[in-house]
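Residue numbers begin at 1 in each chain, while the letters A, B, ... track the order of the sequences.
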There are 2 protein chains.
Amino acid sequence: MKQQGKKILIVDDEPSIRDMIAVALEMAGFQCIEAATAKDAYALVVDEKPQMILLDWMLPGTSGIELARRLKRDELCNDVPIIMLTAKSEEDNKILGLEAGADDYITKPFSPRELVARLKAVLRRTTPQGIEEPIQVDGLTLDPIRHRVSANDEQLDIGPTEFRLLQFFMTHQERAYSRTQLLDQVWGGNVYVEERTVDVHIRRLRKTLGVNFDYLIQTVRGTGYRFSQKPK
Amino acid sequence: MKQQGKKILIVDDEPSIRDMIAVALEMAGFQCIEAATAKDAYALVVDEKPQMILLDWMLPGTSGIELARRLKRDELCNDVPIIMLTAKSEEDNKILGLEAGADDYITKPFSPRELVARLKAVLRRTTPQGIEEPIQVDGLTLDPIRHRVSANDEQLDIGPTEFRLLQFFMTHQERAYSRTQLLDQVWGGNVYVEERTVDVHIRRLRKTLGVNFDYLIQTVRGTGYRFSQKPK
DNA sequence: ATTGTCATGTCACACAATTGTCATATATTA
DNA sequence: TAATATATGACAATTGTGTGACATGACAAT
């Protein structure tokens, strides 16, 4: 099943509903993580980097809509699609939900089949924007689906971390990132590694890119690194 | 890293644990204050206004979670992030902790590294950096995001300190600053550097700006320097 | 189990850029 | 012209990065 890598975060205060959804999604080949509150959810988004969020409208404490707004404002996660779950009676509010940054909404009660269908639809809509399409710069191509990198049509042998690092850089060009930011974005928020480790992976990446393309990975002294086509 | 200045309040009834944590944090450049009870902690929060609170779940008297709730309800300190410290066996309660307003939690025992990492992560989350727009004057552009300076579309090679200096000037134009003020603003308040050093960096900055743009950095004799578009 | 291969994170050292300071030159003011 | 303030070049100490090597742990094949 090709959806199996996708991690879905389910946010709802009702454990029974969460589980129901989780079971349905897992049968469809998704991976699920759950949260009961907005705070909890936020922590999980940062730590686990889910590919999609199912968000209940009504939550104790910070409401779902507020959380959605916050996530969409946050540089770190504004590209994670959100589906709002609303009760029938709240349907009027759907406009608000979409305004807050939700990519779709489903009114409760819903069938598992409907949920999965909409979820896939949203994923289809939102992923091609960068996760699926090959990215090309100069003569360097990164193909996210095939998980391959080539320089002038020649395959490069690249490790997983270097791949993610390069992918991040190629989707965030022309911008300086600190080592900490790179750790957050590429490694994820829940790993604790030395900042200097970034240097090592930068070096490995440069090495595999070779002399023709390592100019793309630029050192910004005192700050971090930058991916840029323009020479330093 | 400029984590210094951040004040962390450690609340735990075990002095040995408090000290252990304090040592770890101080090595990471944080400033620590300690409290053994919820009561003391509350007083310190009010008096010292820490930027962050490490709060043990189990406390004699008012429990940690109760304190968290109280703080989060309080207008004065509901924006101070809280990290809960819980024993492994209490892990189930983490949801409760997050509900009470904690921003993260760590289960004991934890490594100093993990603690520091999570702490920094929470601080990063709660102090979002403002979006910085490129600044342009005449034909000179400084882009904080890309960390680049260009004169008429030509990249300039500029050192870190000169970059900060120029950034400060461009965001504070048409005003004379004394060397001391520049040291405070650009170098940071707590560094001991000769005043004359400013002159040297001014010269370096002028040099990299070149003859077309060095007129922007003007000497104000007897006072200091000024960034101004108007010719002297 | 055992071995072998990766991928990863960390360290120590090599190397390079930046920084602060000084001595000296030049400019400005009274 | 003397007195004061700023500009400039040189240099050594400091700081930040690059790089190779190593230990560890995951995993697959044996």
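- Among the protein residues, B:E162 comes within range of the sugar-phosphate backbone only, with heavy atoms under 4.0 Å from sugar or phosphate atoms but none that close to a base.
- The two residues A:L216 and A:Q229 have their closest heavy-atom pair at CD2-CA, 3.8 Å.
- Between A:R226 atom CZ and D:dT17 atom P there is a gap of 13 Å when expressed in whole angstrom units.
- Remark: the B:T141 side chain and the B:R146 side chain contain no N/O donor-acceptor pair separated by less than 3.5 Å.
- Other residues, nucleotides and ligands place no more than 12 heavy atoms under 6.0 Å from the CZ atom of A:R148.
- At a cut-off of 3.5 Å, with distance as the only test, no side-chain donor of B:Q173 or B:S228 sits close to an acceptor on the other residue.
- The six-membered or imidazole ring of B:Y177 lies away from that of B:F227, with a centre-to-centre distance of 6.0 Å or more.
- B:H147 and A:T223 are linked by a side-chain donor-acceptor pair at a separation below 3.5 angstrom, with hydrogens and angles left out of the test.
- A donor and an acceptor atom, one from each side chain of A:E162 and A:T208, are nowhere located under 3.5 Å apart.
- A side-chain donor-acceptor contact under 3.5 Å links B:E194 and B:Y192.
- In summary, contact between chain B and DNA chain C, defined as any nucleotide atom under 4.0 Å from a heavy atom of the protein, begins and ends at C:dT10 to C:dT29 in the 5' to 3' direction.
- Shown are B:E26, B:E34, B:E48; of these, the salt bridge (Lys or Arg N to Asp or Glu O under 4.0 Å) with B:K7 is made only by B:E48.
- Note on A:T161: only backbone sugar-phosphate atoms sit closer than 4.0 angstrom, heavy atoms only; bases stay farther off.
- Here the options are A:V198, A:V220, A:L165, the test is side chain to side chain contact (heavy atoms under 4.5 Å, CB included), and the partner is A:Y225; only A:V198 passes.
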Worksheet entry | Dot-bracket summary - DNA chain D, pairs being Watson-Crick or G-U whose distances fall under 3.5 Å, with | when paired to another strand | ||||||||||||||||||||||||||||||

Fill in: Base versus backbone protein contacts along nucleotides 3-8 of chain D [heavy-atom cut-off under 4.0 Å; B, S, -]
-BSBSB

